[in-house]
Amino acid sequence: MSIECQYFVLRTSNFFQDMHELAKAYEPQQVEDRLYSTWLEKGNFKATPGSAKGEKNGYYSIVIPPPNITGVLTMGHVLNNTLQDILVRKARMEGKEALWLPGTDHAGLATQTAVEKYLRKNEKITRHDLGREEFLRRVWEWQKKHGGIIITQLKKLGCSCDWERLRFTLDDRYAKAVQEVFVDLYNKGLIKLDLRMVNWCPGSLTAISDEEVIPKAQKSFLYYMRYEVVEEPGRFLEIATTRPETLMGDTAIAVHPEDERYKALLGKHVWRPFPKAQIPIIADEHIDPKFGTGVLKVTPAHDKADFEIGQRNNLPIIDVLTPNAKINCPEVPELHGMDRFEARKKSVEMLKERDLFIREEAYDNNVGFSERADVPIEPRLSVQWFLKYPKTEEALQVVREQLIKFYPSHWEKVYNHWLENIQPWCISRQVWWGHRIPVWYKKPAGETAPEWNNPSYLREMSRQSGVKIELKCQIQSPGEGWVQDDDSLDTWFSSWLWAYETMDKATRAKFYPTSVLVTGPDIIFLWVARMIIAGLEFQPQGQGSTPDETLKKNIAFKDVYFTGLIRDGKGRKMSKSLGNSPDPLDLISKYGADGLRFGLMRIAPQGQDIRFDEKQIEEGRNFCNKLWNACRFRTMQGDIDPKADPDKHTLTPFAQHILQRLSETNEAINVAFEKFEFSTAASALYDFVWNDFCARYLETAKADFNNAASPTRAGTLATFDYVISHVLRLLHPYAPFITEELWLNLGFGKETIQFASWPRLSAKSRPHSEEAANAYSLVDHGRALRGEFSIPSNQKITFQLLPKETPGNAEIEVLGLLLNAEKVEIVEAAPKNCPVAFTPLGELYMPLAGVIDPAAEKGRLEKETAKTLKDLELTEKKLNNKDMIAKAPAAKVEEWKALHAELLAKRKRLEEQLKMLA
RNA sequence: GCGCGGUUAGCUUAGUGGUAGAGCGUCCGCUUCACACGCGGAAGGUCACAGGUUCGAACCCUGUACCGCGCACCA
């Protein structure tokens with residue numbers, strides 16, 4: 001008979017014996033899509049306000065941090081959304097009515113930029129070529145095509161969102177709410193137009209908020225130059241600057257009023273080199289006499305501090321930059337039209353030509369970069385819409401009083417600091433894609449020049465005295481002759497309503513405030529703090545009977561869990577530009593969604609950044625396979641009893657031990673969940689399944705499974721089923737697919753595991769089994785002996801035990817199994833010339849049919865003696881320390897004494913052994 | 001400058017007062033009838049440094065160094 005033929009026969013016979021046959025390895029690809037579509041079909045993720053179980057067991061809700069429609073799934077998303085899925089799946093198992101509300105963010109600037117890039121590349125046109133209306137139509141088209149990608153990816157990950165509730169920040173209803181909020185805040189006098197220095201992004205040609213400016217350390221230069229004093233020809237003032245390219249905009253130079261070096265020059269003038277002009281020497285407190293030369297060139301149009309100096313001293317403002325940061329100064333044709341950084345070099349050259357340049361020195365400073373376009377921002381004077389934040393006091397209060405709890409709590413300090421120093425929020429963006437500002441302007445009667453039809457111009461002019469421009473803040477157009485503000489709102493001005501504006505009234509009644517928000521600390525100001533403020537200001541749940549109750553009803557969430565950042569192996573942030581971020585979908589196809597989820601969770605401790613290592617994901621997969629095979633092994637022993645109750649049977653000490661460990665692990669997991677310690681819970685489960693269950697219990701069970709007549713067989717099977725049933729449920733939030741597949745396949749339930757009860761065993765409910773622990777300890781010693789003498793692990797050998805108490809036959813059989821022993825003999829006297837290990841059950845000998853090397857054994861025993869002596873010394877030092885005995889707790893002292901006695905006995909036996917060898 | 005984290009085996013890390021634990025990697029041995037995505041064993045750590053508190057410190061306190069982050073400054 002050929003090999004193939006034999007194989008065929010074996011497979012066939014196995015198949016008929018065992019209807020549950022599982023594949024030899026867990027194959028996620030065979031399972032995931034199939035199960036996920038079933039879950040969707042059955043509506044398992046749907047949340048129903050007012051349901052019976054919700055009324056009975058409570059409600060649980062999470063709103064997803066809406067990913068950008070431009071985005072694709074990153075490791076950050078995987079981390080974040082796995083955590084949310086774990087929380088929401090656990091809540092369902094606890095019998096709660098759980099809502100995980102999904103959605104996406106229109107991401108104004110990011111999306112507009114992406115579509116513009118697409119148009120430039122494929123059609124060689126800009127948005128201005130298309131015009132606002134047509135451009136927006138194209139963005140919507142683009143969003144329909146690309147906006148759903150990340151949603152599909154989240155499904156691949158197994159996320160149990162209520163997809164029928166998918167929201168988008170530009171949905172009609174949502175958009176209306178955003179505009180209503182604007183009108184409301186305008187009417188309250190909190191939103192105002194203002195002419196201020198803003199952070200201008202020359203890359204995206206829009207103002208941005210302070211929170212979107214990223215300071216970056218730069219290797220710059222400090223340029224020293226000199227301006228001639230007008231009234232004292234031949235005398236020069238030295239000035240240090242990092243930005244010589246803006247000197248055309250200088251309208252003064254300033255010194256500290258108390259600076260003796262320059263006091264006499266106050267009121268005089270210097271020559272600005274180009275375009276050549278006289279500018280005054282003024283005094284201002286802002287100047288630090290110790291910095292540079294103590295002389296500052298004042299450029300009010302291009303620096304926030306300079307602007308303020310200008311205001312204090314009535315200086316003119318000369319803007320020498322275009323919106324895209326090119327020099328705008330026709331009087332200096334050499335520089336006009338030049339990029340700002342080119343112009344920096346050129347202006348230095350021009351100073352040199354005029355003999356006004358002294359030197360340059362290397363200088364480290366911070367430069368603000370635009371978060372989105374990653375180019376240095378320009379301080380720029382413009383008329384923008386600003387919001388004065390409401391409810392900042394209350395926002396501090398709800399966190400201080402723990403109505404909202406932060407995990408880890410140290411983020412409270414960061415949050416407090418921001419709120420205590422809060423500045424008005426620039427909410428207008430020179431962007432088309434987004435929520436258009438609901439403000440209308442009417443040009444003054446009689447003005448016919450074309451610029452009067454331009455809303456930006458109208459807005460600017462409305463800030464100028466002497467020009468009368470009517471302005472109305474409302475959603476609908478006031479009628480003919482009115483033009484709407486051109487700008488859109490900061491994307492965060494729409495996402496700050498996300499926690500409740502995504503819910504209808506019935507949903508809100510049951511699910512708001514949401515239970516928890518899972519997000520990254522990088523958006524604590526941009527999103528978290530603002531959502532808290534929005535909840536308190538707009539009160540989606542209305543007033544309570546007391547002010548405190550009003551706060552409590554309207555907070556956006558009760559807990560905030562801040563994840564860590566995922567870094568690569570070198571500790572760098574994962575980013576598209578570095579290309580150091582793996583594609584989660586690749587990882588899913590390699591290791592399965594469960595492997596990815598579990599592997600990541602195990603290395604994601606609370607509040608710490610995560611060093612990503614694909615090995616960890618591989619381990620996640622290996623863990624799934626381990627569990628799979630343990631279950632497969634169980635199916636080979638016959639049918640599973642889903643209602644198995646071990647306590648109805650006679651149990652081996654090993655069964656008692658695993659039940660105790662299960663209870664302990666279960667409790668540890670629940671404690672960890674209370675504290676949002678996801679990796680602790682995952683590790684506890686991993687350790688239990690791999691080490692306690694597979695490496696130990698499963699091996700001991702083989703004794704019963706091999707013996708149909710064993711009196712403990714039924715108990716061992718029941719224990720097996722009981723443990724698996726608990727493990728599957730405890731693991732389900734982390735690994736939804738494999739647990740569901742095994743749950744159904746093994747027959748633990750006909751229905752999904754998703755609503756099976758969450759286990760809450762308590763550690764105290766079962767006594768420790770010393771007997772099993774001692775047996776395992778003996779096995780460890782025996783295996784170590786084997787290793788010491790290089791006996792291959794597959795070689796069956798005989799062990800001899802000189803017992804403290806004679807163990808039962810069943811236990812000896814198990815010991816033999818775990819030691820891979822031919823047999824374990826009970827002896828009454830110590831054999832000679834034979835390696836020994838001292839175990840809690842007695843002395844374990846490994847007689848080696850004449851192959852032992854007495855010298856080797858002697859060496860080994862001496863090594864062990866040395867270790868024992870060292871331990872003895874340490875213990876004696878403690879026991880001889882009178883202070884220690886007097887002040888340490890009595891229980892500790894007893895422990896040390898017991899250890900001491902044990903070590904003494906061990907030393908004695910070692911000495912005897914050594915004598916026997918000699 | 002202020003604040004927040006961190007520094008434990010080659011790597012990733014657990015460990016909030018009682019003789020340092022794990023996984024990966026390394027080395028040795030195993031196709032032992034659930035699993036080579038595996039099994040058994042071993043080597044590997046003055047817990048960043050310096051003081052202090054304590055009977056006892058990886059752990060508490062103070063300071064220093066280095067790494068990361070945030071805020072402020074940034075001519």
Side-chain angles (χ1 to χ4, degrees), chain A residues 22 24-26 215 217-218 220 222-223 239-243 253-254 286-288 291-299 303 305-306 363-368 408 410-411 413-414 417-418 421 521-522 524-525 565 567 569 571 573 591 595 602-603 605 607-613 615-616 618-637 679-680 683 686-687 690-691 694-695 698-699 702 706 780 783-788 790-796 817 819-820 870-871 874-875 877-878 881-889 891-893 895-896 899:
Chain A
L22 299 179
K24 198 176 164 187
Y26 174 55
Q218 297 291 301
S220 310
L222 202 50
Y223 302 92
I239 303 167
T241 180
T242 52
R243 301 203 64 189
I253 68 167
H286 173 262
I287 282 75
D288 174 4
F291 189 93
T293 60
V295 184
L296 172 72
K297 73 185 211 30
V298 185
T299 324
D303 185 280
D306 289 14
Y363 178 61
D364 296 334
N365 65 344
N366 282 323
V367 174
H410 66 252
W411 291 110
K413 231 174 167 169
V414 176
H417 184 260
W418 183 75
N421 297 281
D522 49 333
I524 186 168
F525 313 137
L565 228 68
R567 298 174 173 281
K573 260 190 195 178
Y591 304 110
R602 234 168 43 103
I603 54 163
Q608 289 302 98
D609 286 355
I610 295 134
R611 247 339 130 108
F612 180 76
D613 181 359
K615 274 275 170 208
Q616 303 288 350
E618 195 181 325
E619 263 190 69
R621 175 200 59 179
N622 295 353
F623 177 70
C624 290
N625 189 54
K626 189 75 178 173
L627 177 68
W628 180 264
N629 270 287
C631 290
R632 187 165 85 100
F633 174 67
R634 173 60 187 84
T635 61
M636 294 171 175
Q637 317 306 328
S679 74
T680 307
S683 296
Y686 180 95
D687 187 48
W690 203 293
N691 298 317
C694 292
L698 186 149
E699 294 300 326
K702 284 177 181 172
N706 293 340
D780 290 343
R783 286 171 172 174
L785 266 189
R786 212 189 240 280
E788 296 264 7
S790 304
I791 311 295
S793 51
N794 63 337
Q795 188 180 327
K796 298 230 176 206
L817 259 175
L819 286 166
N820 194 31
K870 204 177 139 201
D871 287 350
L874 240 124
T875 318
K877 208 170 135 193
K878 271 186 192 163
N881 184 335
K882 286 204 185 83
D883 272 348
M884 195 166 247
I885 298 302
K887 295 189 183 174
K892 272 291 156 211
V893 177
E895 228 173 81
W896 294 331
L899 180 66

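Labels below follow one simple rule: chain letters A, B, ... track the order of the sequence lines, proteins then strands, and each chain is numbered from 1.
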Base-pairing assignment for [N] (Watson-Crick or G-U wobble, both under 3.5 Å):
N: B:G38; value: B:C30
N: B:G25; value: none
N: B:C4; value: B:G68
N: B:U62; value: B:A50
N: B:U19; value: none
N: B:G44; value: none

Looking only at side-chain atoms of [X], point me to the closest of [options].
X: A:Lys24; options: B:G38, B:A36, B:C71; result: B:A36
X: A:Glu699; options: B:G23, B:C35, B:A72; result: B:C35
X: A:Trp690; options: B:U19, B:A34, B:G38; result: B:G38
X: A:Lys413; options: B:G3, B:G56, B:A34; result: B:G3
X: A:Asn794; options: B:U31, B:C69, B:C35; result: B:U31
X: A:His417; options: B:C35, B:U19, B:C71; result: B:C71
X: A:Asn366; options: B:A72, B:C37, B:C35; result: B:A72
X: A:Arg632; options: B:C35, B:U19, B:C55; result: B:C35
X: A:Lys887; options: B:C55, B:A34, B:U13; result: B:C55

Using a cut-off of 4.0 Å on non-hydrogen atoms, how would the nucleic acid contact of [X] be classed: base, sugar-phosphate, or nothing?
X: A:Ala888; answer: base
X: A:Cys694; answer: base
X: A:Lys877; answer: nothing
X: A:Leu899; answer: base

Problem set entry | Heavy-atom donor-acceptor pair, A:Asn629 side chain to A:Lys24 backbone, under 3.5 Å | yes
Problem set entry | A:Arg786 side chain vs A:Asn820 backbone, donor-acceptor pair below 3.5 Å | yes
Exercise. Parallel, tilted or perpendicular for A:Trp628 and A:Tyr26, by the 30°/60° rule?
Worked result: tilted
Report the distance from atom [atom1] of [X] to atom [atom2] of [N], rounded to the nearest whole Å.
X: A:Lys878; N: B:G17; atom1: NZ; atom2: C1'; value: 11 Å
X: A:Asn820; N: B:U31; atom1: CG; atom2: C1'; value: 14 Å
X: A:Arg621; N: B:A36; atom1: CZ; atom2: P; value: 11 Å
X: A:Ile885; N: B:G18; atom1: CD1; atom2: C1'; value: 12 Å

Problem set entry | Heavy-atom side-chain contact between A:Asp613 and A:Ile603 under 4.5 Å | no
For this session: Determine whether A:Leu296 and A:Asp306 make a side-chain contact, defined as any pair of heavy atoms from C-beta on separated by less than 4.5 Å.
Result: yes
Exercise. Taking atom CZ of A:Phe633 and atom CG of A:Leu698, what is their separation to the nearest 0.5 Å?
Worked result: 4.5 Å
